[in-house]
Number of protein chains: 2
Amino acid sequence: MIGGVSRNNAGLSADRIITEALRIIDGQGLRRLTMRRLGDALEVEAMAVYHHFPLGKEQLFDAIVEYITDVSRPRGTDAETDAGAEESDTEADGAAEDDRPWDERLRTWAHDYRAALLRHSGALPLFINRRPDTEAALRALELQYAAFAEAGLEGADIVRAASALEAYVTGAVIREVRGEGLASAQSAALDGRFGHVAHLGELTVDADQAFGDGLEALLRSLTSGTV
Amino acid sequence: MIGGVSRNNAGLSADRIITEALRIIDGQGLRRLTMRRLGDALEVEAMAVYHHFPLGKEQLFDAIVEYITDVSRPRGTDAETDAGAEESDTEADGAAEDDRPWDERLRTWAHDYRAALLRHSGALPLFINRRPDTEAALRALELQYAAFAEAGLEGADIVRAASALEAYVTGAVIREVRGEGLASAQSAALDGRFGHVAHLGELTVDADQAFGDGLEALLRSLTSGTV
DNA sequence: ACCTGAACACCGTTCAAGT
DNA sequence: ACCTGAACACCGTTCAAGT
């Protein structure tokens, strides 16, 4: 970033590659993200990507998942601005101390994580089967463990609560993405059978509201000793 | 199935193709399921598959998802036996009346669905972004709507409850699949930071038990009017 | 109706080469 | 160090042809 741009330096960087890959996924779908198309979008030969991700596409996928998981990263409108060194003023590294109550920290994380997943819902299939031991994932886990500990949980209860919270968010997002517009196409074929589905099929539910309500109920249930 | 086997009839059928595809997915992973490999496993030319799935691989994926979703289908040990016409004696079509209480019906569906997803966890990425308006999915939805109606819910509350239940199962399964063995690799890199993670990282949670407990809590919370 | 065989337009990745 | 260009072993899918 300091030196000049020589002939064979297209200004490629891992961040720029990830951002462009996400633009393709969001705009055209995961299946259309190919190394050659990615190269074209970056105005570079496809094989140049391998210099930044030597292990190939799988490593790029890992990086994309971590990028989305890192909900605390500052985001520009085009996600390409590099001017994001001003977030807390108290900590230099980004590990800012958060002195809000435990439930607000969890609420914020859940809503931010859901928003990130919805924003890049085309990348959702990448999240399955990818081990969550990245920096960003561990940061989120630490946040959750600390919050539930502050709420009074101990030991395995903390682990269970964090599992339930993460499962809730991903499950809710997947249901949201899968079910978009289910009500429209179905009413034709299901006259006699599926009476309840036919009857309730027209109902639409406010997804944001439903997510928020379910989150509150879950947090209550997790920290009240009934589970 | 009635006529004899002529020269150019390898005994291919949609069911046999789906079963073999799932065997490849379960054994080698989704990425290694290619039309050519599938043809080899079926001892047939790859292009023969297109006669049963004219729309190609995407249609095959749809069929695989529906196959897994249909948890009420009778299963042989090798899932290749065709002798499955004896399930209820009262209904011929498979739409057997279930006179158990609503909560037991939901419990059974949730545990069966989880088992099916875990059994074919390699196919999980296929479930995202695939509209759930198949026969099997509608049958499951009808089961859930009817049960929650019997539990006393009405209108949008029924829809929300069914959404929450489905989200719970898929979210729990994905977390289970993702998190397998997280505890092992992490303890190395996270000395100072991530104190809670380091401290709780060795704890293992019984996934079956956790799923059952969470399911009971969810059913209670959904049908007690607190959400 | 059901399957084959060759062909086409892609794909991920390797490797030697350029600057 | 960073990128190019050609090459290799694959893909999914189409299409004409066989029986």
Side-chain angles (χ1 to χ4, degrees), chain A residues 1-22 24-25 27-65 82 122-123 125-126 129-130, chain B residues 1-22 24-25 27-65 82 122-123 125-126 129-130:
Chain A
M1 285 291 185
I2 303 179
V5 178
S6 67
R7 274 165 303 281
N8 263 354
N9 189 330
L12 220 47
S13 71
D15 246 56
R16 214 162 80 75
I17 293 173
I18 294 171
T19 300
E20 200 60 47
L22 267 177
I24 294 176
I25 291 175
Q28 317 186 237
L30 183 58
R31 276 186 13 217
R32 292 185 62 82
L33 172 63
T34 69
M35 300 304 259
R36 284 171 166 90
R37 236 188 295 265
L38 181 56
D40 280 355
L42 291 163
E43 294 183 287
V44 101
E45 216 61 27
M47 291 67 196
V49 173
Y50 286 83
H51 196 267
H52 299 266
F53 296 94
L55 275 49
K57 210 177 184 186
E58 214 62 21
Q59 189 182 12
L60 175 59
F61 284 160
D62 286 341
I64 290 172
V65 168
D82 234 32
L126 300 181
N129 274 327
R130 226 156 279 271
Chain B
M1 284 293 185
I2 303 179
V5 179
S6 67
R7 274 163 301 282
N8 263 353
N9 189 330
L12 221 48
S13 72
D15 246 55
R16 214 162 81 75
I17 293 172
I18 294 171
T19 300
E20 199 60 48
L22 268 177
I24 294 176
I25 292 174
Q28 317 185 237
L30 183 59
R31 276 186 15 220
R32 291 185 62 84
L33 172 63
T34 69
M35 299 305 259
R36 285 171 166 88
R37 236 188 296 264
L38 181 55
D40 279 356
L42 292 163
E43 295 185 283
V44 102
E45 217 60 28
M47 292 65 198
V49 174
Y50 284 84
H51 196 266
H52 299 267
F53 296 94
L55 275 50
K57 208 176 184 186
E58 214 61 23
Q59 189 183 13
L60 176 59
F61 283 160
D62 286 341
I64 290 172
V65 169
D82 234 33
L126 300 180
N129 276 324
R130 224 155 281 269

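What's counted below: heavy atoms across the whole structure, side chains too, no hydrogens, waters or symmetry copies. Within every chain, numbering begins at 1; the chains are lettered A, B, ... in the order of the sequence lines, protein sequences first and strands thereafter.
Atoms CZ (Arg16(A)) and P (dC2(D)) sit 14 Å apart, rounded to a whole Å. Atom P of nucleotide dT4(C) and atom CG of Leu42(B) are separated by 11 Å, given to the nearest angstrom. Atom pair Glu45(B):CD and dA1(C):P shows a separation of 21 Å (rounding to whole Å applied). As a whole-Å value, the separation of Leu38(A) CG from dC10(C) P is 17 Å. Taking atom CD of Gln59(B) as the reference point, atom C1' of dT13(D) lies 14 Å away to the nearest angstrom. Spacing between atom NZ of Lys57(B) and atom C1' of dC11(D) amounts to 8 Å, rounded to whole angstrom units. Whole-Å rounding puts the Arg31(B) CZ to dA9(D) P distance at 19 Å. The CZ atom of Phe53(A) sits 16 Å away from the P atom of dT14(C) (whole-angstrom rounding).
Within 6.0 Å of atom CD in Gln28(A), more than 12 heavy atoms from other residues, nucleotides or ligands are found, so the atom counts as buried in its surroundings.
Between Glu20(B) and Arg37(B) there is no salt bridge, since none of the side-chain N atoms of the basic residue sits less than 4.0 Å from a carboxylate O of the acidic one.
For Leu12(A) and Arg32(B), each mapped to the nucleotide of DNA chain D holding its nearest heavy atom, the one lying further toward the 5' end belongs to Leu12(A).
The pairing partner recorded for dC3(D) is none, the criterion being a Watson-Crick or G-U wobble arrangement whose two distances lie under 3.5 angstrom. With both pairing distances under 3.5 Å, dA17(D) is matched to nothing as a Watson-Crick or G-U wobble pair. In this entry dC8(D) has dG12(C) as its Watson-Crick or G-U wobble partner, both defining distances falling under 3.5 Å.
When the side-chain nitrogen and oxygen atoms of His52(A) are compared with OP1 and OP2 of dC3(D), one or more of them lie within a distance under 4.0 Å.
Annotation: side chain of Asn129(B) is not in contact with side chain of Leu30(A) (no heavy-atom distance under 4.5 Å).
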